[in-house]
Amino acid sequence: MLDIQLLRKDLPAVVAGLARRGVTFDEAAFRALEDERKVLQTRTEELQAKRNALNKQVGMLKSKGEDASEVLAQAGGLGDEVKANEAALAALQERLNAFLRVIPNIPRPEVAAGASSDDNVEVRRWGEPRAFDFPVKDHVDLGAALGGLDFDTAAKLSGARFSVLRGGVARLHRALAQFMLDVHTREHGYTEVYVPYMVTGECADGVSSLAKFRDDLFKLEGRDLYLIPTAEYPVTNFVRDTLLEAKDLPLKFVCHSPCFRSEAGSYGKDTRGMIRQHQFDKVEILQVVHPEKSAEAHEALTGHAQAILERLGLPYRTMMLCTGDLGFSSAKTYDLEVWLPGQQAYREISSCSNFEAFQARRMQARFKGGDKGRPEPVHTLNGSGLAVGRTLVAVLENGQQADGSVTVPPALVPYMGGVERIARA
RNA sequence: GGAGGGUUGGCCGAGCGGUUGAAGGCACCGGUCUUGAAAACCGGCAACGGGGAGACCCGUUCGUGAGUUCGAAUCUCACACCCUCCGCCA
């Protein structure tokens with residue numbers, strides 16, 4: 001969430017920052033809550049101080065064996081008054097907190113203003129889309145012809161937006177995840193982690209707003225547990241409620257996990273194929289860094305994701321999301337879009353974000369030993385490196401041959417046991 | 001599922017219902033000593049919120065929430081989590 005100190009000190013800056021992403025900050029509501037809080041807090045603390053002073057006297061008198069009945073008489077009824085004020089203050093702070101926790105992050109100044117994905121800015125383009133001398137198929141037709149992609153069986157098992165992979169295609173899926181993990185651990189300095197695929201509501205609210213996005217998640221019946229929509233949920237929470245040392249930073253983790261999303265708001269969107277599924281695998285890279293290093297780390301992390309696409313020979317472009325397309329917690333995001341010949345379009349395959357202190361404040365992730373004497377929130381970042389399912393789609397479509405077989409990218413051949421081409425068994 | 005034990009500061013760990021934000025240790029920071037380092041010794045060192053120009057002042061926090069009390073880390077109840085043993089099990 002936003003820094004309450006900033007809201008108190010420079011409300012116009014917050015209002016202006018949020019306005020850039022199309023969010024209207026309710027100044028009147030905030031001011032009313034704050035004014036009420038101030039009055040109530042001051043009164044409560046005065047009463048507490050009075051009670052404490054009297055109690056201290058009682059303690060002194062009793063320990064000397066003297067009579068304390070006079071002081072006790074003064075304190076009579078004070079306890080209930082204090083309790084009533086404390087309860088009122090707690091309730092108000094709860095309201096203030098709820099108000100703050102649904103306010104999104106403020107975009108960094110260099111993020112272009114815009115209303116939707118139409119206003120995103122292309123900042124990089126790599127590779128030439130291949131020219132085909134035969135009619136291209138999309139991954140659904142390719143996969144079906146190879147006997148490796150089966151949506152009918154998946155539907156029988158679990159309904160729409162699931163897939164079953166077989167044979168060489170299933171192996172390709174596994175190979176991609178292994179390849180990504182190896183590159184990030186061996187060459188980019190990330191530590192591999194394996195994590196729970198369910199997290200508590202508190203964890204979910206640490207990375208984003210559970211109140212706002214509860215419907216996007218699958219929840220376990222009767223329990224405070226949610227299936228993770230990305231490894232960001234468990235891994236970022238490694239540092240929840242912790243006080244790190246400056247010398248421990250940066251922390252860099254890579255995690256391969258399944259991701260579960262209800263896709264509640266995307267009825268009728270990307271219904272064909274495995275572009276948008278309730279379950280997909282992703283290799284996520286994350287960093288926890290010193291506040292002054294996050295901008296630099298964001299560029300590096302995005303580069304790490306781009307490296308995977310380049311090693312696989314997949315043409316892509318890098319888009320800087322405009323203010324209006326930014327995720328709730330993000331201050332700046334680069335999306336990587338891979339070229340899909342079957343759609344004749346660039347499609348999102350990775351999203352790399354810098355959350356600055358937004359998530360750290362929500363989950364109390366701090367470090368000490370910086371320039372400031374006191375602990376301060378760390379900065380968190382993450383990105384897909386990459387979405388495995390969509391990478392599979394990209395490899396199939398970009399590597400397709402006239403006979404329906406698929407050429408395996410050279411970087412992946414060792415992970416395929418030497419297989420250079422996937423063909424119908 | 002059954003039976004016990006536990007949860008205190010960055011970490012470990014003590015704590016008769018009363019000047020306890022909390023002994024002691026570790027870690028960390030500064031100093032003495034030393035050619036330098038280590039050791040030893042001396043000193044410092046919780047977080048968060050509010051107020052103040054500032055030195056400071058006030059408040060909150062001992063798993064969470066209620067309760068008893070003038071007063072709770074300490075007593076009572078509920079809940080959560082962790083550990084051990086038994087049962088079940090990949």
Pick base, sugar-phosphate or nothing for [X], based on heavy-atom distances below 4.0 Å to the nucleic acid.
{"X": "Arg43(A)", "answer": "nothing"}
{"X": "Gln5(A)", "answer": "sugar-phosphate"}
{"X": "Lys247(A)", "answer": "nothing"}

Would you call Arg161(A)-Glu263(A) a salt bridge at under 4.0 Å N-O? no
Between U68(B) and Lys83(A), counting only base atoms on the nucleotide and side-chain atoms on the residue, is there a donor-acceptor pair under 3.5 Å?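 No such pair is found, so the answer is no.
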Does a side-chain N or O from Arg366(A) land closer than 4.0 Å to OP1 or OP2 of C48(B), or not?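 It does, given that an N or O in the side chain of Arg366(A) lies less than 4.0 Å from OP1 or OP2 of C48(B).
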For RNA chain B, please output the secondary structure as dot-bracket, reading 5' to 3'. Pairs are Watson-Crick or G-U wobble, both atom distances under 3.5 Å; mark crossing pairs with [ ], other-strand partners with |, unpaired with a dot. ((((((((.[[[..)..(.....]]].(((((.......))))).((((((....)))))).[[[[[..)....]]]]])))))))....
Tell me if the NZ atom of Lys219(A) is crowded by more than 12 foreign heavy atoms within 6.0 Å. yes
Mind checking what makes side-chain hydrogen bond (donor to acceptor under 3.5 Å, both in side chains) contact with Thr191(A), not counting sequence neighbours? none
Scan the side chains in residues 412-425 of chain A for donor-acceptor partners under 3.5 Å anywhere in the protein, sequence neighbours excluded, and list what turns up.
unit_1, atom_1, unit_2, atom_2, d
Tyr415(A), OH, Asp182(A), OD2, 2.6
Arg421(A), NH1, Ser405(A), OG, 2.7
Arg424(A), NH1, Ala145(A), O, 2.7

Please report the distance, rounded to the nearest Å, between CG in Leu243(A) and C1' in A46(B). 9 Å
Rounding to an integer number of Å, can you tell me how far Arg374(A) CZ sits from A47(B) P?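 Nearest whole value for this atom pair: 8 Å.
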State whether a side-chain donor-acceptor pair under 3.5 Å links Asp335(A) with Ser351(A).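 Checked: Asp335(A)/Ser351(A) side chains pair up, N/O donor to acceptor below 3.5 Å.
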Looking only at the aromatic ring of each residue, does the gap between the centers of Tyr197(A) and Phe260(A) stay below 6.0 angstrom? no
Check: residues 238-249 of chain A side-chain donor-acceptor pairs under 3.5 Å, at least two apart:
unit_1, atom_1, unit_2, atom_2, d
Arg240(A), NH2, Glu202(A), OE1, 3.4
Thr242(A), OG1, Val239(A), O, 2.6
Asp248(A), OD2, Glu245(A), N, 3.2

Which pairs pass side-chain hydrogen bond (donor to acceptor under 3.5 Å, both in side chains) with one or both residues in residues 305-314 of chain A, sequence neighbours excluded? Arg124(A)-Glu310(A), Glu187(A)-Arg311(A), Gln306(A)-Thr318(A), Glu310(A)-Tyr316(A)
Taking N or O atoms only and anything under 3.5 Å, show me the protein contacts with nucleotides 77-82 of chain B, one pair per line.
none

Considering residues at least two apart in sequence or located in another chain, which fulfil the salt bridge (Lys or Arg N to Asp or Glu O under 4.0 Å) criterion with Lys332(A)? Glu110(A), Glu299(A)
Listed by chain and number, what are the salt bridge (Lys or Arg N to Asp or Glu O under 4.0 Å) partners of Arg390(A), not counting sequence neighbours?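 Listed in chain order: nothing, the list is empty.
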Measure all distances between protein nitrogen or oxygen atoms and nitrogen or oxygen atoms of nucleotides 59-64 of chain B, and list the pairs falling under 3.5 Å.
unit_1, atom_1, unit_2, atom_2, d
G59(B), OP1, Asn52(A), ND2, 3.3
G59(B), O3', Gln48(A), OE1, 3.1
G59(B), O2', Gln48(A), OE1, 2.7
U60(B), OP1, Arg51(A), NH2, 3.0
U60(B), OP2, Asn52(A), ND2, 3.3

Please, which pairs that meet salt bridge (charged side-chain N to carboxylate O under 4.0 Å, His left out) have at least one residue in residues 26-47 of chain A, sequence neighbours excluded?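 Pairs touching residues 26-47 of chain A that pass the test: Arg8(A)-Glu34(A), Glu27(A)-Arg31(A), Glu34(A)-Arg37(A).
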With a 4.5 Å heavy-atom cut-off, do Pro377(A) and Phe358(A) have their side chains touching? no
Quick test: give all pairs of protein nitrogen or oxygen and nucleotides 14-20 of chain B nitrogen or oxygen below 3.5 Å, distance rounded to 0.1 Å.
unit_1, atom_1, unit_2, atom_2, d
G18(B), O6, Lys62(A), NZ, 3.4

Which pairs would a plain distance check flag for residues 250-258 of chain A, meaning a side-chain donor or acceptor within less than 3.5 Å of a matching protein atom at least two apart in sequence or in another chain?
unit_1, atom_1, unit_2, atom_2, d
Lys252(A), NZ, His188(A), O, 2.7
His256(A), NE2, Asp281(A), OD2, 2.8

